[in-house]
Protein chains: 2
Amino acid sequence: MTAKSMTRAAFFVLTALADQPRHGYGILREVEELSDGEVLLRVGTLYGVLDRLTADGLIVLDREEVQQGRLRRYYRLTDDGVATLDAEAERMAAGAGAAKRRIAEGRAAHPAPRTSPGHVPPAAPGLAGGHA
Amino acid sequence: MTAKSMTRAAFFVLTALADQPRHGYGILREVEELSDGEVLLRVGTLYGVLDRLTADGLIVLDREEVQQGRLRRYYRLTDDGVATLDAEAERMAAGAGAAKRRIAEGRAAHPAPRTSPGHVPPAAPGLAGGHA
DNA sequence: GCGATATATATCGGCAGCCGATATATCCTG
DNA sequence: CAGGATATATCGGCTGCCGATATATATCGC
């Protein structure tokens, strides 16, 4: 969008890896859990994201294990990955805050509640002052 | 990604329209301003987003003005648009919070700071948030 | 033992969405 | 008159997500 701005899928993969290394399938389940079931990463999405993040140096292959005959390929965040995720989280929080603030400003503009027709109250004096 | 989950461009367009109706070019400048210059929507992006949001019933054409020979097409949020934006802001804040929390958990796992070999200070009590 | 399900990897084609380039038109400044 | 800001709109290309598909092993129920 702007300079680089990561995709949603990439954000959630990084978030899933933020506390500890995980393997592909584990990331899928972890993303679902940490988002309260709202975000369901698809298998077809995962490996493309993993490749791109690796190419960008945000994650690295941590180790490979063979657990009961099944291969597990564990990835972990690099320092750069942590910093990038942190910055993105900051941006998202700022964006969410801006949206919330503006919704409130918009509600102040037009008579939303419509409790009783007569006089309108002084339209909320100082609120939302700064707005960044 | 999941069910619907709007795109970043759509989110910022909705946010720009949250406080008052604006026309296309005004949205472009407003998004840049409200994001502190970090997000630069392109003209080529805008109209596709506007069409999609209109088709989804999240915005509507408010009015058309001719200001000094230049046409201005103003859009505004519908009630559905406000609700959708609000929900998305909530999701983003939750995601940002989850990422921050997990980064902190990850840092707790491995000895991050390494300031001086002896005793490490109590790891900075409340800070973390700072930097922005 | 066999089929279904879960775990675990990987690839490919299609489609949606963002961007750069381009086009048109008016107004202002130098 | 040239250049830039304002203001609209379109199109081709590339990136990225998803659904489908393939392969392989372990587990559980029947």
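All chains are named by letter (A, B, ...) in the order of the sequence lines, taking the proteins before the strands, and each is independently numbered beginning at 1.
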**Asked** With a non-hydrogen cut-off below 4.0 angstrom, is Val49(B) in contact with a base, only sugar-phosphate, or nothing?
**Response**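 Counting heavy atoms under 4.0 Å across all strands, the contact made by Val49(B) is with sugar-phosphate only.
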Just how far is it from atom [atom1] of [X] to atom [atom2] of [Y], taken to the nearest 0.5 Å?
X	Y	atom1	atom2	answer
Tyr25(A)	Glu30(A)	OH	CD	14.0 Å
Glu65(B)	Arg73(B)	CD	CZ	12.5 Å
Leu53(A)	Asp80(A)	CG	CG	11.0 Å

Looking only at side-chain N and O atoms, does [X] come under 4.0 Å of OP1 or OP2 in [N]?
X	N	result
Arg73(A)	dA10(C)	yes
Arg42(A)	dC17(D)	no
Arg29(B)	dA5(D)	no
Tyr47(A)	dT9(C)	yes
Arg70(A)	dA26(D)	no

**Prompt:** So does Asp36(A) have more than 12 non-hydrogen atoms from other groups sitting under 6.0 Å from CG?
**Reply:** no
**Prompt:** Separation of Arg72(A) atom CZ from dA26(D) atom C1', in whole Å?
**Reply:** 12 Å
**Prompt:** Going by heavy atoms in the side chains, are Val13(A) and Leu46(A) under 4.5 Å from each other?
**Reply:** yes
**Item:** Lys100(B) side chain near Glu90(A) side chain, heavy-atom distance below 4.5 Å
**Value:** yes
**Prompt:** Angle, rounded to 10°, between the helical axes spanning five pairs at each terminus of the helix from dG1(C)-dC30(D) to dG30(C)-dC1(D)?
**Reply:** 10°
**Prompt:** Listed in order of residue number, which residues of residues 18-26 of chain B have a non-hydrogen atom at under 4.0 Å from DNA chain C?
**Reply:** none
**Asked** Under a 4.5 Å side-chain heavy-atom rule over Ile, Leu, Val, Met, Phe, Trp and Tyr, are Leu61(A) and Leu71(A) clustered together?
**Response**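 Looking at the clustering, Leu71(A) is in a separate group from Leu61(A).
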**Request:** Have a look at Arg102(A) and tell me which of Leu85(B), Leu14(B), Asp19(B) forms a side-chain contact (heavy atoms from CB on, under 4.5 Å) with it.
**Result:**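 Between Arg102(A) and the candidates, side-chain contact (heavy atoms from CB on, under 4.5 Å) is satisfied uniquely by Asp19(B).
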Close N or O pairs between protein and nucleotides 15-17 of chain C (under 3.5 Å):
residue	atom	partner	partner atom	Å
dG17(C)	OP2	Arg52(B)	NE	3.4

**Prompt:** Mapping Gln67(A) and Gly48(A) to their closest nucleotides on DNA chain C, which lands nearer the 5' end?
**Reply:** Gln67(A)
